2 protein chains.
Amino acid sequence: MSRTKQDVVTEFRCAEILDAARKIFAAQGFSDTTMEAIAEQAHIAKGTLYLYFPSKRDIYLAALRQGIRLLNDDTNRKVAGAAGVQNQLRIFVTTRIEYFEQNREFFLIYHSEIGNLLPHPGKQSGEIVELYLQQAHMLEQILRTAADKGEIRDLRPDATAFAVCDLTRGVIMQRMLGWSKAELQDDIRHLIDVIWRGIAA
Amino acid sequence: MSRTKQDVVTEFRCAEILDAARKIFAAQGFSDTTMEAIAEQAHIAKGTLYLYFPSKRDIYLAALRQGIRLLNDDTNRKVAGAAGVQNQLRIFVTTRIEYFEQNREFFLIYHSEIGNLLPHPGKQSGEIVELYLQQAHMLEQILRTAADKGEIRDLRPDATAFAVCDLTRGVIMQRMLGWSKAELQDDIRHLIDVIWRGIAA
DNA sequence: TAGTAAAATGACTGAGTGGTCATTCCGTGA
DNA sequence: TCACGGAATGACCACTCAGTCATTTTACTA
């Protein structure tokens, strides 16, 4: 409550920087992105970046975290409002695909960061991984409950949850690369069709 | 036929360089990899690298191409030797997962390069993409044939083929990240179980 | 063994970058 | 209108690295 003006300006600048960063990091990757380029995209000078973030890596991680949080919140909210496992699955998939189609740049960062986790299994920077796994665990719970109720077969819920995530990511990628010529709705229908037959009781 | 010795030495050096490059690129990513590091790993001097490859990017692409070719050949051969769609699917998945478990470093390059294609859809460096799609198309053919024979449902074969590839890649990733605590055989069984039920007639 | 040419080397260069900080700008309050 | 303090700036520095090339080493032949 103290310095409204202050905080508002800071928040605004941070948001601008993260938006700019997301675009540039997505287009160039972490190493090939220069602070100069981020500054330019954000319409501020390079030195100003360092008033709001201590380092390049920090900007990168902040942009990533922000994106995942928004995606997760969105997904959670929408899935919670759906009834029936099949519908929940459909909403889960749809929400995520649409989010990424709306935030293409973010998907690129998201995807490449997973790749960066791979060489260092175990000593992964906790929070990002946690945010990443959170959605799979949410799905896992849904599947577990459905299995208990006999709505779906008794499969390993963890593996099945990952499978849904993988299929979702696959559809996003094929669409981004222009490898899918179908309508979004058709891709989603196909995905749900296959997975549902695959797991239904 | 001319200079056997010559060619043999050159081939040997190239192979050594590509092996070294694969390890380093996988661990550090393209930008963070230094020619010095590759040279060291290959037990030669930096200048020597330039006797065999014109640039850093060329080494990278050569390593990637080589890896994909080996994988594709392996997959093609083994799948061709299998009878029945379900078996072919199982062999496809198994071969690829095993190849990547045996060549972890290569998977990292493979995965990150897909990410690099994303920001530049359309103007993708032809050959790599072609090699990449080749396997999906092979699967697609198998599925198309099976659908004609009525062994599986009449689904979009392209989307289904991609789905199998995505699930395969997913399993590899979960295993690499230590997120799957199951035996390899269990992961494969689960994958085939779900996808087969999903597509069987 | 001496002579030669190809192969290998690694010090060096030039371009580029993350981060710093002395200086400038600007909003505010008197 | 002026003076003050925090926000913004961008020239600069220290460092990294792809690629080069004069020099050294090796392999082969006569």
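Naming convention: chains lettered A, B, ... in sequence-line order (proteins, then strands); numbering from 1 in each chain. Just so it is clear, the structure is predicted and the values come from calculations on it, not from any experiment.
For residues 38-51 of chain B, there are no salt bridge (charged side-chain N to carboxylate O under 4.0 Å, His left out) pairs, not counting sequence neighbours. The side-chain hydrogen bond (donor to acceptor under 3.5 Å, both in side chains) pairs that include a residue from residues 82-94 of chain B number zero, where partners must be two or more places apart or lie in different chains.
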Below 3.5 Å, can you tabulate the donor-acceptor pairs from side chains in residues 193-201 of chain B to any protein atom, sequence neighbours excluded?
unit_1   : atom_1 : unit_2   : atom_2 : d
B/Asp193 : OD1    : A/Arg153 : NH1    : 3.2
B/Asp193 : OD1    : A/Arg153 : NH2    : 3.0
B/Asp193 : OD2    : A/Arg153 : NH1    : 3.4

Show which side-chain atoms of residues 58-68 of chain B pair as donor or acceptor with protein atoms under 3.5 Å away, not counting sequence neighbours.
unit_1  : atom_1 : unit_2   : atom_2 : d
B/Asp58 : OD2    : B/Ser55  : OG     : 2.6
B/Tyr60 : OH     : B/Glu113 : OE1    : 2.9
B/Gln66 : OE1    : B/Arg22  : NH1    : 2.9

Just distance, no hydrogens or angles: give the donor-acceptor pairs under 3.5 Å from side chains in residues 164-171 of chain B, sequence neighbours left out.
unit_1   : atom_1 : unit_2   : atom_2 : d
B/Asp166 : OD1    : B/Arg169 : NH2    : 3.4
B/Asp166 : OD2    : A/Gln174 : NE2    : 3.3
B/Thr168 : OG1    : B/Val164 : O      : 2.7

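Annotation: side-chain contact (heavy atoms from CB on, under 4.5 Å) contacts of B/Ile114 (sequence neighbours excluded): A/Met173, B/Tyr110, B/Tyr132. Listed by chain and number, the residues in a side-chain hydrogen bond (donor to acceptor under 3.5 Å, both in side chains) with A/Ser31 are B/Asp32 (sequence neighbours excluded).
Here the nucleotide nearest the side chain of B/Lys56, chosen from D/dT9, C/dG18, D/dG19, is D/dG19. If you check D/dG19, C/dG19, C/dA8 against the side chain of B/Tyr52, the one that comes closest is C/dA8. Closest to the side chain of B/Tyr50, out of C/dT20, D/dT9, D/dG19, is D/dG19.
Summarising the geometry, the separation between CG on B/Asp32 and P on C/dT17 is reported as 14 Å, rounded to the nearest angstrom. Taking atom CZ of B/Arg57 as the reference point, atom P of D/dC17 lies 18 Å away to the nearest angstrom. Going from atom CG of A/Leu51 over to atom C1' of C/dT20 covers 11 Å, rounded to whole Å. D/dA7 atom C1' lies 15 Å from atom CZ of A/Phe12, rounded to whole Å. Rounded to whole angstrom, the span from the CZ atom of B/Phe30 across to the P atom of D/dC17 amounts to 13 Å. Between the P atom of D/dT20 and the CZ atom of B/Phe53 lies a distance of 16 Å, rounded to the nearest Å.
Less than 4.0 Å separates DNA chain C from no heavy atom of any residue of residues 14-25 of chain A. Contacts between residues 34-47 of chain B and DNA chain C, counted as heavy-atom distances below 4.0 Å, involve B/Ile44, B/Ala45, B/Gly47.
Contact check on A/Asp187 versus B/Arg156 returns a salt bridge, with a Lys/Arg side-chain nitrogen under 4.0 Å from an Asp/Glu carboxylate oxygen. A/Lys78 and A/Glu98 are not joined by a salt bridge, as no carboxylate oxygen comes within less than 4.0 angstrom of a charged side-chain nitrogen.
Backbone-only engagement by B/Thr33 is indicated by non-hydrogen atom pairs under 4.0 Å involving sugar-phosphate atoms exclusively. Counting non-hydrogen atoms under 4.0 angstrom, B/Arg13 reaches the backbone sugars and phosphates but no base.
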